[in-house]
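Every number for a ligand or one of its atoms is a count from 1 in the order of the listing. The basis for the numbers below is simple: all heavy atoms, side chains too, and nothing from hydrogens, waters or symmetry mates.
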Amino acid sequence: MSDKIGIGLIGCGGISAVHRDGWLAASDIARMVATCDVNRQSAELRKEELNAETAYEDYRLLLKRDDLTAVDLCLPHDLHAEVAIAAAQAGKHILCEKPIAVNQEEARRMIHAAEQNAVTLMIAYCERYSNAHVAMKRLVEAGEIGKPFLLRIDHSQWVDYPAGHWINDPTKLGGGVVAGSGPHRLDMLRWFGGEVRRVAARAVNTGLTQLGGEDTAVIALEFDSGAIGEMTCTWSARRYPWYEGFLVFGRGGMVHNIGGVQLSRNGGDFTPVPLPHDDAAGFREEIAHFLSCIQTGATPLTSGQEALKTLQLVEAVYTAIKSSNWVDVAAFKR
Ligand SMILES: NC(=O)c1ccc[n+]([C@@H]2O[C@H](COP(=O)([O-])OP(=O)(O)OC[C@H]3O[C@@H](n4cnc5c(N)ncnc54)[C@H](O)[C@@H]3O)[C@@H](O)[C@H]2O)c1
């Protein structure tokens, strides 16, 4: 029997293709033992690519295996809680795609199940592991831009899945773009700006795509620190390239990620910040961090508790979308 950490991949659709590359990069310490997808072809494809032993259609059969230490869940949002709780009860450590769940009640049950069964629960907020964001975070923490007073984050993408896909169903996604790509951006704002005190928001469905929820949203944020923030996200950017811009303005400078990480101090010219590696999205680093947490027992940077806080912010934003007033985030920390 191999002494490598045995992994099971559950959900072999879109995002699992980049997790695959992360697992292949970690093959010196982890090995993919089994894959699972209700679509057998998808499970078989990842099984072949990852050199796994078995492909399943039923995750419960995969969880019965003794040679699995951990599972990687790349599933629709409404399945995160069900499968993560079953995995925890089977004694498997869990890496689960973002957001943690579609509501706080499910998220809390996941966290409780992981605690009860003494397994690691990490939510795959890959942006926190991207080399650009790690570099930006180090600069901000080192005081290179002084105290941040304004944080701006944008996401533009064309997301048009065929009718019947789970992303189009707000009950499976947890809403629209704010529940889809929004959690990444809100998580980044929390990571850099600290906790958010209150939010105001507007959202629309332009009718350009099949999406059942909102496809476009604008959010204003006020942080406990006194800083303010702004987030814009759309999945209806048909003629516009994928864009993710993040700008942090401080009293002594500014750092942003447009055209690579760029730093300006005290009104000086922007200079490019060298990055340590080419993992722009952070998936390799994310998987390496998960494995390290399993080995050392350390709490992941993006733990279940941390992801719950981002979910509380998502819920506050949805309330703000329906309100003409600012909404206090504290009301969602229940
Ligand atoms: N980090 C990122 O940048 C990023 C990007 C895209 C998606 N995601 C996240 O990844 C997750 C999955 O999204 P996706 O885009 O890969 O979706 P997807 O639809 O491409 O893949 C989901 C897969 O799950 C399978 N599935 C559904 N029910 C199942 C079940 N009961 N058992 C086993 N397999 C089942 C489907 O057949 C499908 O292959 C979501 O949480 C999403 O938010 C993250």
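Proximity of the aromatic rings of His256 and Phe249 is defined here by a centroid distance below 6.0 angstrom, and this criterion is not met.
Gln157 meets the side chain to side chain donor-acceptor pair (under 3.5 Å) test with His155; sequence neighbours excluded. The side chain to side chain donor-acceptor pair (under 3.5 Å) test applied to Tyr59 returns Glu82, not counting sequence neighbours.
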Got a list of side-chain donor-acceptor pairs under 3.5 Å for residues 109-123, not counting sequence neighbours?
| unit_1 | atom_1 | unit_2 | atom_2 | d |
| --- | --- | --- | --- | --- |
| Arg109 | NE | Glu105 | OE2 | 2.9 |
| Asn117 | ND2 | Ala113 | O | 2.8 |

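When side chains are defined from C-beta on, Phe149 does not count as touching Ile228, because their heavy atoms never get closer than 4.5 Å.
Of all heavy-atom pairs between Thr206 and Ser236, the closest is OG1-OG, 3.2 Å.
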Tabulated below should be the N or O atoms of ligand 1 paired with protein N or O atoms at under 3.5 Å; can you produce that?
| unit_1 | atom_1 | unit_2 | atom_2 | d |
| --- | --- | --- | --- | --- |
| ligand 1 | 1 (N) | His184 | NE2 | 3.1 |
| ligand 1 | 3 (O) | His184 | NE2 | 3.3 |
| ligand 1 | 16 (O) | Gly14 | N | 3.3 |
| ligand 1 | 16 (O) | Ile15 | N | 2.9 |
| ligand 1 | 19 (O) | His165 | NE2 | 3.1 |
| ligand 1 | 19 (O) | Trp166 | NE1 | 2.8 |
| ligand 1 | 20 (O) | Gly14 | N | 2.8 |
| ligand 1 | 34 (N) | Val38 | N | 3.4 |
| ligand 1 | 37 (O) | Asp37 | OD1 | 2.5 |
| ligand 1 | 39 (O) | Gly13 | N | 3.4 |
| ligand 1 | 39 (O) | Asp37 | OD1 | 3.4 |
| ligand 1 | 39 (O) | Asp37 | OD2 | 2.6 |
| ligand 1 | 41 (O) | Leu75 | O | 3.3 |
| ligand 1 | 41 (O) | His77 | NE2 | 3.4 |
| ligand 1 | 41 (O) | His80 | NE2 | 3.1 |
| ligand 1 | 41 (O) | Lys98 | O | 2.8 |
| ligand 1 | 43 (O) | His77 | NE2 | 2.6 |
| ligand 1 | 43 (O) | Lys98 | O | 3.1 |
| ligand 1 | 43 (O) | Lys98 | NZ | 2.8 |

